[in-house]
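In what follows, every chain begins at residue 1, and chains take the letters A, B, ... in the order their sequences are listed. Note that these values count all heavy atoms, side chains included, but never hydrogens, waters or copies made by symmetry. Everything quoted here is computed from the prediction, not taken from an experiment.
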2 protein chains.
Amino acid sequence: MAANFTDKDDFLILPSISVDCVIFGYSENSLSVLVRNEFVPINNKINIEWKLPGNHVRRDENIYDTAARILIEQTGLEGIFVKQFQVFSNPDRLYKRPQDFEWVKPRLLDERVITVGFYSLVNIDSIKNEQLIEVAKWMNVYEVEDLMFDHNEIFDEALKKLRYDLLHEPLVFELLPDKFTLTQMQKIYEAIFNTTYDKRNYRRKVNKMPYLNPTEEIQTGVSHKPARFFTFDREIYESNRTERFDFRV
Amino acid sequence: MAANFTDKDDFLILPSISVDCVIFGYSENSLSVLVRNEFVPINNKINIEWKLPGNHVRRDENIYDTAARILIEQTGLEGIFVKQFQVFSNPDRLYKRPQDFEWVKPRLLDERVITVGFYSLVNIDSIKNEQLIEVAKWMNVYEVEDLMFDHNEIFDEALKKLRYDLLHEPLVFELLPDKFTLTQMQKIYEAIFNTTYDKRNYRRKVNKMPYLNPTEEIQTGVSHKPARFFTFDREIYESNRTERFDFRV
DNA sequence: ACAAAAGTGTTTTGGGTACACCCATGT
DNA sequence: ACATGGGTGTACCCAAAACACTTTTGT
């Protein structure tokens, strides 16, 4: 059990608890995940390896504070949606590839670290590029490479949970501007579920949602019939929320 | 920051991570939760206080192992369903009532403990009473008293999640024997959701589930028309699983 | 014979799905 | 005038919900 106090702030840290963030970015009809690189020595060579952004929980934080701190450090974005989705706790989760453990060992206060997985959703186009740290990049979710530790598993579970939640909670609106067109909304579902929907059926469905309000505003400067903008009314959404006996199971 | 190594096994424990279990018990058309008492001194008197069963994570365990260990220690039951549902991490979660903290302090290796909430489902009638430890009791979920720490919050979230999951996953079958009648199944939903369903509509619905198989067997010794027994086929269930574009939201 | 739960069918209403054309705008 | 995406309606099928009576057994 290593207990290397290498940093002056180490005593502020809970040694065995971290948060890892799966930051989903949507742009141009495709879904990506934010990863960052680390320089990992393997057989006397320095390799670039990718991992999810993460950090330890500090003594004065709850895990949401930690997730928000990671988000700010990695993307410069504040106030964006985060959601805890699963704890990953295998005793050997840092040991699967020997080089990962060699890299991480000097950074640990305890060799046993349990991590809380969070996911969050951002619209890539609303992030100024200089906000991202230079070692970060977006990886398309259908082309995720080998990540360090158990981060492929964390990513897979996050994507499953994101898709599940998108069908049951108003998550789309985290990716949409305040005023959006119905086509913008449809394209997000199509990108994340990798499918297409019939426009007429889709619009009939969302037009029945009482919390989607048409505005007076329509698009300008587009070389086709301009679309109407809609807004999402969270209050109406919350007060209409109901569960039916679905057991779609 | 306390670091009191009071027990010979303390070095086997992760000081800041625990698991708390919300064990739901179903019986006689009602839903209960298992709590255990502790003797807590308040103003020189010893009071009986109730809490959820929980324990620290050991170094050689993942959190599911911990949950299973808690279940065995508290109910003697092995192999029952457990599911992690949320992490509770407020820095002051052990401090809300001063007497709770006084009681817990000598038992802690670190004053900061994050807990992973699990819920599980058992059929009370299938538990032999001597399996429960003597300090445990079942509390009806509609009459849950003040619990220690943040355990009321943990319980509330567990009940919300249980209800949500029951509508989307085949959890009922954790409470049913291998062979069950459709009325037994209906009564579980009615107890947990505190409502009633029309028998004909309910049966039409479940009769369409391809993973519910009628058997040749019928009840005996009941003083009314005997009911047919059904079985749940998990394989058919898994292969039929699908998500529709519901966005019930 | 009675009590007690099992089991069954019809009607109405609304949602899911499949499918093709006209509209408003910029170039 | 043409290219581009916006916007609309109909028909069929199936699911949800409301509602009442007959059947089988034990006592």
Checklist entry - Which of these nucleotides, D:dG9, C:dT25, D:dG5, is closest to any side-chain atom of A:N201? => result D:dG9
Checklist entry - With respect to the side chain of A:R200, which nucleotide from C:dT8, D:dT24, C:dA20 is positioned closest? => result C:dA20
Checklist entry - If you find the nucleotide of DNA chain D closest to B:K208 and the one closest to B:S223, which residue's nucleotide is nearer the 5' end? => result B:K208
Checklist outcome for this item: Contacts of A:H224 and A:D198 projected onto DNA chain D by closest heavy atom; the upstream (5') one is A:H224
Next on the checklist: Run B:D150 and B:K96 through salt bridge (Lys or Arg N to Asp or Glu O under 4.0 Å) and show every step you take.
Outcome noted: CA-CA 8 Å; B:D150 55 353; B:K96 302 212 166 162; 5.7 Å; no
Checklist entry - Ignoring hydrogens and angles, does a donor from either the side chain of B:R204 or the base of C:dT10 sit under 3.5 Å from an acceptor on the other? => result yes
Measure from [atom1] on [X] to [atom2] on [N] and round the result to the nearest Å.
X: A:N29; N: D:dG5; atom1: CG; atom2: P; result: 11 Å
X: A:Y202; N: C:dG15; atom1: OH; atom2: C1'; result: 17 Å
X: B:K225; N: D:dT27; atom1: NZ; atom2: P; result: 19 Å
X: B:Q219; N: D:dG26; atom1: CD; atom2: P; result: 11 Å
X: B:R228; N: C:dA5; atom1: CZ; atom2: C1'; result: 16 Å
X: A:Y197; N: C:dA18; atom1: OH; atom2: C1'; result: 16 Å
X: A:F229; N: D:dG7; atom1: CZ; atom2: P; result: 10 Å
X: A:N207; N: D:dG6; atom1: CG; atom2: C1'; result: 13 Å

Next on the checklist: Regarding B:T183, tell me which of base, sugar-phosphate or nothing describes its non-hydrogen contacts under 4.0 Å with the strands shown.
Outcome noted: sugar-phosphate
Checklist entry - DNA chain C: B:A227 or A:K199, which has the more 5' nearest nucleotide? => result B:A227
Item to check | Basic-acidic side-chain contact under 4.0 Å: B:K137, B:E143 | outcome: no
Checklist entry - Hey, would you say the B:H168 and B:Y164 ring centroids sit under 6.0 Å apart? => result yes
Checklist entry - Quick check, are the ring centers of A:F180 and A:F173 under 6.0 angstrom apart? => result yes
Next on the checklist: With a 4.0 Å cutoff (strictly under), does any side-chain N or O of A:R203 reach OP1 or OP2 of D:dG7?
Outcome noted: yes
Checklist entry - Reckon B:K205 has a side-chain N or O less than 4.0 Å from the OP1 or OP2 of D:dA16? => result yes
Checklist entry - When you look at A:R163 and A:E157, which way does the salt bridge (Lys or Arg N to Asp or Glu O under 4.0 Å) test go after all the steps? => result CA-CA 10 Å; A:R163 287 177 167 159; A:E157 292 299 321; over 6 Å; no
